[in-house]
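For reference, the structure discussed in these notes is given below.
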Amino acid sequence: MLKSCELPDCFYSNEPALIRPNSPTPNHTLYLSNLDDQKFLRFSIKYLYLFSKSINTETLKCSLSRVLVDYYPLAGRLKTSTENDQKLQVDCNGEGAVFAEAFMDLTVEDFLQVSKKPNKSWRKLLYRVEAQGFLDIPPLVIQVTNLRRGGMILCTAINHCLCDGIGTSQFLHAWAHMTAKPTTELPITPLHCRHVLKPRNPPQVTLSCPGFTKIATDKCNSQLNLNIYQYLQSQPLVPASITFTPSQILHLKRQCLPSLKCTNFDVLASHTWRCWVKVLDIPPSYNVKLLFSCNVRKKLKPELSLGYYGNGFVLACAEATVKELDTTNLHGGVKLVQCAKSVTTHDYVKSIIDLLEDKTVNTDLSTSLVISQWSKLGLEELDFGEGKPLHMGPLTSDVYCLFLPLIGEFDAVRVLVSMPENLVDKFEYYMTQFPEIMENGDANSEECGVDRQP
């Protein structure tokens, strides 16, 4: 049993291998759309899976080599365009994905005890590639860590410029499918051409895009002097984790019914945003934003083809002053979320693509909470042939908020976001004070879904 939340060191018996596609693949430079190479996405999506049974690493390498034939850009390398050093491309050279094998003196049960909240020691579970910068890190890095008494932890880092959450799930399921059923075809064929999302010439920004801002030049603007994102990034952060059962989400939704029908995401996003703003104690007159990922594959005309393998989302933007958000009820926040979703039309997406031709435009993170929904991507259904995972989540926690699936609890959601340690208890308290608890007269956070480590 672990005496603390700190994980022991990994032991590597061999140097990591480069896994290349096992048959010839197109050798060319792949265009990335403006949705792909925006500065906001220049990082890797890092997943952590815990399985009760190990898969032979040679089997995993073999199936990975096969699936990289279809997903060949993940075996390439990022580079800047020769025509524009701010534009990224993929050199599809088949150089290979990094695959590391390790052992950790830890049991499956040990990890499950501390699995609710990531900590810095978890970074040991993903091989660190020595690189000078973002472009020098291979788009796909994998580590398989075998555990004492069986079981394994699988960690993957997939470059966000190549694909979004839907794409990462599609790739991982393809790899798992090829491992479990090596003689069958892939269920979805990836389509790598992104020219359908090229900007218009000349650009035509016909709609307002409030989720973006130009690089600030006006230092006298009082709103610019408050940058919550920079403040949070400058602080030591710890994760807050709150689990919402379907019945708790239903109680939140009942605050909006019958006058306003809403989805689980609508109500939970509104509730999380309002609690986040409240705990940060932002001045009442300041404008705050909620940015959340919105799949646009079926919003475009024509729709993006099944298997489109690039970033097919934009950040929808709800905004209000702190005072408006504080004085309105949950119903009002939900309406703001729904309004933000409703404006993500074909014309809105095309305006964003054209707007991003201006490289002085960035995602406006200054007073924004960013929510990414992992709970509807099927990530928790991954099966390499020995059963689905016991745990699925991020390798690290950040100021970006994640809505995570719970293994074996359909429609339950775990909200994970990092903030300064002195704010965590208050945030978790605000998050759990809603009708179900108040009606029961029980404000004990342990029973209201707050995830505590031993």
Side-chain angles (χ1 to χ4, degrees), residues 40 206-213 223 226-229 232 240 242 244 248-296 299 313-349 351-352 355 362-376 399-403 413 415-417 419 427 430-435:
F40 173 67
T206 58
L207 295 174
S208 173
C209 304
F212 296 89
T213 184
Q223 175 83 37
L226 178 70
N227 191 315
I228 297 297
Y229 177 76
L232 291 174
I242 307 97
F244 288 85
Q248 289 170 331
I249 296 173
L250 180 59
H251 269 276
L252 285 173
K253 291 173 75 171
R254 282 177 177 160
Q255 295 185 49
C256 301
L257 295 172
S259 60
L260 183 66
K261 293 183 179 180
C262 58
T263 66
N264 289 2
F265 176 83
D266 294 342
V267 72
L268 201 51
S270 171
H271 180 59
T272 303
W273 184 29
R274 295 173 77 234
C275 293
W276 182 83
V277 169
K278 187 173 183 179
V279 79
L280 289 173
D281 198 23
I282 304 170
S285 62
Y286 277 69
N287 198 57
V288 288
K289 298 180 181 181
L290 172 67
L291 306 178
F292 56 93
S293 51
C294 185
N295 181 13
V296 300
K299 293 179 179 286
F313 80 97
V314 298
L315 289 176
C317 177
E319 59 181 329
T321 66
V322 173
K323 184 177 181 180
E324 289 169 341
L325 205 58
D326 187 47
T327 55
T328 188
N329 55 18
L330 185 62
H331 181 287
V334 167
K335 289 184 73 173
L336 290 172
V337 172
Q338 292 181 336
C339 180
K341 290 165 72 172
S342 70
V343 301
T344 55
T345 60
H346 170 86
D347 290 337
Y348 183 79
V349 176
S351 285
I352 288 179
L355 176 68
N362 286 333
T363 304
D364 185 7
L365 300 175
S366 59
T367 56
S368 301
L369 173 65
V370 180
I371 295 179
S372 181
Q373 185 172 210
W374 290 13
S375 55
K376 297 297 181 182
V399 294
Y400 303 138
C401 180
L402 299 177
F403 284 4
V413 177
V415 177
L416 181 72
V417 63
M419 57 186 56
F427 176 73
Y430 289 152
M431 286 286 283
T432 54
Q433 298 311 294
F434 52 89

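Keep in mind that what you see is a predicted model, and the values were worked out from it rather than measured. FYI, the numbering just counts along the sequence from 1.
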Task: Distance-minimising heavy-atom pair for Phe244 and Ile242 - done: CE1-CG2, 3.6 Å
Task: Distance-minimising heavy-atom pair for Gln373 and Ser293 - done: N-OG, 3.9 Å
TODO: Taking all non-hydrogen atoms of both residues into account, name the closest pair between Leu369 and Cys401 and its distance.
DONE: CD1-CB, 4.0 Å
Task: Reported CG-to-CG distance for the pair Leu325 and Asn287, which is rounded to 0.5 angstrom - done: 10.0 Å
Task: Crowding at NZ, Lys335 (>12 non-hydrogen neighbours, <6.0 Å) - done: no
TODO: Check whether any side-chain heavy atom of Leu290 lies under 4.5 Å from a side-chain heavy atom of Trp276, and answer yes or no.
DONE: no
TODO: Look at the side chain of Thr328 and the backbone N and O of Glu324, then say whether any donor-acceptor pair between them is shorter than 3.5 Å.
DONE: no
Task: From CZ (Arg254) to SG (Cys262), nearest 0.5 Å - done: 12.0 Å
Task: Tyr400/Phe40 aromatic ring centres below 6.0 Å - done: yes
- [ ] Could you tell me which non-hydrogen atom of Val267 sits nearest to which non-hydrogen atom of Val334, and how far apart they are?
- [x] CA-CG2, 3.8 Å
Task: Trp374: ring-ring contact (aromatic ring centres under 6.0 Å, His included) partners, not counting sequence neighbours - done: Tyr47
Task: Nearest heavy-atom neighbours spanning Leu232 and Val399 - done: CB-CG1, 3.7 Å
Open item on the list: With a 4.5 Å cut-off on side-chain heavy atoms, are Ser368 and Tyr229 touching?
Closed with: no
TODO: May I ask you to decide if Ser366's main-chain N or O and Asp364's side chain share a donor-acceptor pair within less than 3.5 Å?
DONE: yes
Task: Thr272 (side chain) donor-acceptor with Leu268 (main chain) under 3.5 angstrom - done: yes
- [ ] Measure the CG-SG distance between Leu330 and Cys256 for me, rounded to the nearest 0.5 Å.
- [x] 4.5 Å
Task: Residue pair Ile282, Thr367: steps toward the side chain to side chain contact (heavy atoms under 4.5 Å, CB included) verdict - done: CA-CA 9 Å; Ile282 304 170; Thr367 56; 5.5 Å; no
Task: Separation between NZ of Lys289 and CG of Leu365, rounded to the nearest 0.5 Å - done: 10.0 Å
TODO: Could you go through the side chain to side chain contact (heavy atoms under 4.5 Å, CB included) check for Phe212 and Thr363 one step at a time?
DONE: CA-CA 4 Å; Phe212 296 89; Thr363 304; 3.9 Å; yes
TODO: Please confirm whether the backbone N or O of Lys341 pairs with a side-chain atom of Thr344, one donor and one acceptor, at under 3.5 Å?
DONE: yes
Open item on the list: Please check: side-chain N/O of His271 versus main-chain N/O of Met431, any donor-acceptor pairing under 3.5 Å?
Closed with: yes
Open item on the list: If I take atom CG from residue Leu291 and atom OG from residue Ser372, how far apart are they, to the nearest 0.5 angstrom?
Closed with: 12.0 Å
TODO: Compare every heavy atom of Ala340 with every heavy atom of Cys317, then report the nearest pair and how far apart it is.
DONE: O-CB, 3.3 Å
TODO: Quick one: list whatever passes ring-ring contact (aromatic ring centres under 6.0 Å, His included) with Phe403, sequence neighbours left out.
DONE: Phe265
Open item on the list: What I'd like to find out is whether the side chain of Gln338 reaches to under 4.5 Å of the side chain of Leu260, using heavy atoms alone.
Closed with: yes
